[in-house]
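Let me begin by presenting the structure, written as structure tokens, before commenting on it.
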Amino acid sequence: MVVDMGKREEELVQHAVNQQQIQEKDDDVQALVHKIAGLAAAIAKLPSLSPSPEVNALFTELVTACVPPSAVDVEKLGPELQEMRARLIRLCADAEGLLEAHYSDFLAAFDNPLDHLALFPYLNNYILLSELEHGLLARHVPGPAPARVAFLGSGPLPLSSLVLAARHLPAASFDNYDICGEANERARRLVRADADLGARMAFRTSDVALVTRELASYDVVFLAALVGMAAEEKARVVEHLGRHMAPGAALVVRSAHGARGFLYPVVDPEEIRRGGFDVLAVHHPEGEVINSVIIARKPGTGGVVEHAHGHGHGAMLSRPCLCCEMEARAHQKMEEVASMEQLPSS
């Protein structure tokens, strides 16, 4: 009986410790979400998201808050916080597009822009992410190196494609798709002086929803994190790829985990499966690499298959044309700020 009572006391103590840890974890999550919401509000008030000391400082603080491992599950947030998160991801996307356009223009002024990529402050993130993705592909999709690669949502500074082509897939050709023609023009300028990459990299302006037969010719398709920012948009993109990619082709999808889901959309692996793919790996990195990586493959083997399907839902599935929209958004934002300043005080 004494032994039973002692065991019961130990269980009660352990239960109390567990409850305390759960409460501390909940408190930490609430404090983190409160901080992120405050930063989101501050970013939303900025008159412009173009690179500047104020913009850079706020986004640096946001990334610093979101990157460390945490118990945050963004899928369990309430409706108001979900709306805040959706707005924040859009703001992050806009700021990222402006940052890339700025540095693409800056690098294009050099005789050989690719010799100066290290001037971009986040180049190492892309190097590490590309190394991770290539390693996961090699491990889970063994066989000959890919000969044809598509990158969907390449943007004005296509560092992922550049790093993959130069360091990991030196014989592959890359078709880079972006919905924004101006982004592709910027990207083309970066490879103009490099005979090898200039010959192996093409830049195509198209919505993902309109790319059909071409998808069957790629061994690997990379889907950028900001192509299809809402869950339903991402699901339509994946479904579209599942219909038109070749059997046996690999799909690399960028996602996010934990509080990093305030920076980028979170992709449910089940959505990849519902889109017609076998999910081979889901990797949540820590450290500098922010994006999670999902490796999937379309079932079946064989040669290139041409599909006769139409254009799917006809929705704009790609990441919005940031470089084409941002000037108008900036003017609209400044007008809103000016109108608020003119309101009479109560």
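Here the structure is a predicted model, which means the values were calculated and not measured.
Separating the CD atom in Glu286 from the NE2 atom in His257 is a distance of 8.5 Å, to the nearest 0.5 Å. For the atom pair Leu164 CG and Met201 CE, the distance stands at 8.5 Å (nearest 0.5 Å). Going from atom OG of Ser292 over to atom CZ of Arg254 covers 11.5 Å, rounded to the nearest 0.5 Å. Distance check: Ser173 OG to Tyr218 OH gives 8.0 Å after rounding to the nearest 0.5 Å. Interatomic distance, Ile272 CD1 to Arg297 CZ, rounded to the nearest 0.5 Å: 15.0 Å. A distance of 6.5 Å separates CZ in Phe262 from CG in Leu81, rounded to the nearest 0.5 Å.
Of the possible polar contacts, one joining the Ser48 side chain to the Ser50 backbone as a donor-acceptor pair under 3.5 Å is found. Using a distance-only test at 3.5 Å, with no hydrogens or angles considered, a donor-acceptor pair links the side chain of Lys298 to the main chain of Met245.
Ionic pairing of Arg273 and Asp278 is not present here: no N-O contact between side-chain nitrogen and carboxylate oxygen is shorter than 4.0 angstrom. The pair Arg188-Glu185 counts as a salt bridge, with a side-chain nitrogen and a carboxylate oxygen less than 4.0 angstrom apart. A salt bridge is defined here as a Lys NZ or Arg NE, NH1 or NH2 lying under 4.0 Å from an Asp or Glu carboxylate O, and Glu232 with Arg236 fails to meet this definition. Arg204 has no carboxylate O lying under 4.0 Å from a charged side-chain N of Asp178, or vice versa, which leaves the two without a salt bridge.
Between His102 and Phe106, the two ring planes are parallel [angle under 30°; tilted spans 30° to 60°].
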Stepwise salt bridge (charged side-chain N to carboxylate O under 4.0 Å, His left out) test for Arg189 and Asp105: CA-CA 9 Å; Arg189 291 184 302 174; Asp105 291 343; 2.5 Å; yes

Residues Phe110, Leu119; criterion side chain to side chain contact (heavy atoms under 4.5 Å, CB included); working and verdict: CA-CA 12 Å; Phe110 293 98; Leu119 294 174; 3.8 Å; yes

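Residue Asn56 comes nearest to Pro51 through the heavy atom pair OD1-CA, 3.9 Å, listed as atom of the first residue, atom of the second, then distance. Of all heavy-atom pairs between Ala172 and Pro146, the closest is CB-O, 3.4 Å. Of all heavy-atom pairs spanning Thr205 and Gly181, the tightest one is OG1-CA, 3.5 Å.
The number of heavy-atom neighbours closer than 6.0 Å to CD of Glu80, taken from other residues, nucleotides and ligands shown, is 12 or below.
With no hydrogens or angles considered, no side-chain donor-acceptor pair links Tyr264 and Asn291 at under 3.5 Å.
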